[in-house]
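Input: a single structure, listed below in structure tokens.
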There are 2 protein chains.
Amino acid sequence: MARKPGSRAEITGPRLRDAALRLFARDGYAAVSMRQIAAEVGVQAGAIYLYTADKQTLLFELMQDHMDALLSAWADSTPPLGDARARLQHFARFHIRFHAARADAVFIAYMELRNLTPENFATVEALRKRYETELETILRAGQDEGTLAVPDTKLAAMALIAMLTGVNTWFRDGGRLSRDRVEQIYVDMVLKAAGARA
Amino acid sequence: MARKPGSRAEITGPRLRDAALRLFARDGYAAVSMRQIAAEVGVQAGAIYLYTADKQTLLFELMQDHMDALLSAWADSTPPLGDARARLQHFARFHIRFHAARADAVFIAYMELRNLTPENFATVEALRKRYETELETILRAGQDEGTLAVPDTKLAAMALIAMLTGVNTWFRDGGRLSRDRVEQIYVDMVLKAAGARA
DNA sequence: ATTGTCACTGAACGCTCGTTCAGTTCAACC
DNA sequence: GGTTGAACTGAACGAGCGTTCAGTGACAAT
């Protein structure tokens, strides 16, 4: 039977995700124990298994949810109808904003890939690839229509994503540069690296 | 007393470094046990402690050695005497070549930073910062002399290094693109991103 | 008041971890 | 050929790991 709001079950589930996300991001999957996660939620270790099959599944679902959120946010982002140069600018802006808002999940999603079982890795990797292809499609269109100039679209897609995702390794709110300023600079560098006409 | 060449001591030491490097890179520091490393060297776990104080020190020394090698290779690389644009091209080429030759050490040096004790982290971080400053100096010079155009030299240095180091996450010899071709494309993108005159 | 359900506890399982150390082996020296 | 000393073994230490599960207690439904 369904419990009333405020009963424990409706709190522990989401809190487990949050705690695992934060701890995995801070200390790494292998270094965080189920007992630590449980303590963070305010529960004994055994209780966790009411909400996840095992530690591996917990990690996998965090990563899968992140990638799903990324792809569906991109799908909802209504790119401009203009040329590929404008769409590349839109992509760069979207990428930085989305990733800045979820630093923990981003960090996990590419630091903990090697801790996934082969099956889980393949699933997450496929989602990552789909996102990469979105950028590559823009680059190829720009190459074709002449608004962008990249020697190799596949390689450029990976290089640009690496550069953009790199923001997360150093950016902190309240630093020397504002979030908007950083975004502006990165977008500018991406456009130049992709050979966009000035 | 010194042993003759061929005795065991002169083999186990270097082999330990190699094994630890390979295993840490493949499975991650936290996931590799001292027993696994020992087995890879062909020795019992206890014997490792004749060559390193503990697991943490082993990781730290691998990272420190890598950063030392990077900085001294850069110091020996005799950059061109020309303008900053030429020096940036030299830096990009150097970075890609050095990193391509040591994929394992590179991977460890930035994936395992969080597994260092605070003191060890500070030491390695300082070395990393010194390398970053080398690039920033070039960018600032280019900005001053007008051969490069970057809105913020500190930020650009981090972004360009992130892009360049990203090669290692996907490049494998024998793939679609040759090592030289990849190097050429990346150097080209770095120059464009830094606003070099064509 | 009784029953049923469900979140959760707390102890236990077998296992692996990093590290230590008394003992063994063996090449090099006198 | 006896002594030395370094390289290495193998067993042990205490601790922590992921996971299981019988039991507890609070609440909802009857």
Side-chain angles (χ1 to χ4, degrees), chain A residues 1-21 23-24 26-63 108 112 114-120, chain B residues 1-21 23-24 26-63 108 112 114-120:
Chain A
M1 286 294 153
R3 293 241 170 177
K4 282 198 174 167
S7 70
R8 285 166 295 177
E10 316 208 354
I11 292 177
T12 302
R15 297 227 320 164
L16 170 62
R17 299 302 200 89
D18 285 358
L21 194 76
L23 291 177
F24 285 165
R26 202 189 60 188
D27 301 327
Y29 173 76
V32 174
S33 73
M34 294 301 259
R35 273 169 254 261
Q36 281 173 54
I37 299 172
E40 192 84 358
V41 181
V43 119
Q44 292 296 316
I48 289 186
Y49 291 87
L50 296 167
Y51 301 95
T52 191
D54 50 32
K55 197 187 178 190
Q56 164 70 206
T57 303
L58 184 53
L59 173 65
F60 170 62
E61 287 176 352
L62 289 178
M63 295 178 62
I108 290 172
E112 305 297 357
R114 66 168 146 201
N115 287 311
L116 292 173
T117 61
E119 300 78 24
N120 288 343
Chain B
M1 287 293 151
R3 294 237 170 179
K4 284 198 173 166
S7 71
R8 285 167 295 176
E10 316 207 354
I11 293 177
T12 303
R15 296 227 319 166
L16 170 61
R17 299 302 201 88
D18 286 358
L21 194 76
L23 291 177
F24 285 165
R26 201 189 59 188
D27 300 328
Y29 174 76
V32 174
S33 72
M34 293 302 257
R35 275 169 251 262
Q36 280 174 55
I37 299 172
E40 192 84 358
V41 180
V43 119
Q44 291 298 315
I48 287 185
Y49 291 86
L50 296 167
Y51 301 95
T52 191
D54 49 33
K55 197 187 178 190
Q56 165 71 205
T57 304
L58 183 53
L59 173 63
F60 171 62
E61 287 176 353
L62 289 177
M63 294 178 62
I108 290 172
E112 305 296 357
R114 66 169 148 198
N115 287 311
L116 293 174
T117 61
E119 301 79 25
N120 289 343

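Every chain is numbered from 1 and lettered A, B, ... according to where its sequence line falls, protein lines coming before strand lines. Every heavy atom of this structure was used, including side-chain atoms; hydrogens, water molecules and symmetry mates were not.
When the C1' atom of dC8(D) is taken as reference, atom CZ of R15(B) falls 14 Å away, rounded to whole Å. In this structure, L59(B) atom CG and dG18(C) atom C1' are separated by 15 Å, rounded to whole Å. Look at CD1 on I48(A): it is 13 Å from C1' on dT9(C), rounded to the nearest Å. One atom, CD of Q44(B), and another, P of dT24(C), lie 16 Å apart when rounded to the nearest Å.
Judged purely by atom type and a 3.5 angstrom limit, Y29(B) uses its side chain to pair as donor or acceptor with the backbone of Q56(B). Within the 3.5 Å criterion, the main-chain N or O of A19(A) finds no donor-acceptor partner in the side chain of E40(A).
Closest to the Y49(B) side chain, of the nucleotides dT20(C), dC8(C), dT9(D), is dT20(C). Out of dT19(D), dC8(C), dT9(D), the shortest distance to the side chain of K55(A) is found at dT19(D).
Side-chain contact between D18(B) and V41(B): absent, with no pair of heavy atoms (C-beta onward) separated by less than 4.5 Å.
Under the salt bridge (charged side-chain N to carboxylate O under 4.0 Å, His left out) criterion, R17(A) pairs with E61(A), D65(A), not counting sequence neighbours.
For DNA chain C, the neighbouring residues in residues 26-38 of chain A, judged by any heavy atom under 4.0 Å, are R35(A).
Atom CG of residue N115(B) and atom CG of residue N120(B) lie 11.5 Å apart, to the nearest 0.5 angstrom.
With respect to the salt-bridge test (charged N to carboxylate O, under 4.0 angstrom), the residues K55(B) and E112(B) do not qualify.
Residue Y51(A) places at least one side-chain N or O closer than 4.0 Å to OP1 or OP2 of dC8(C).
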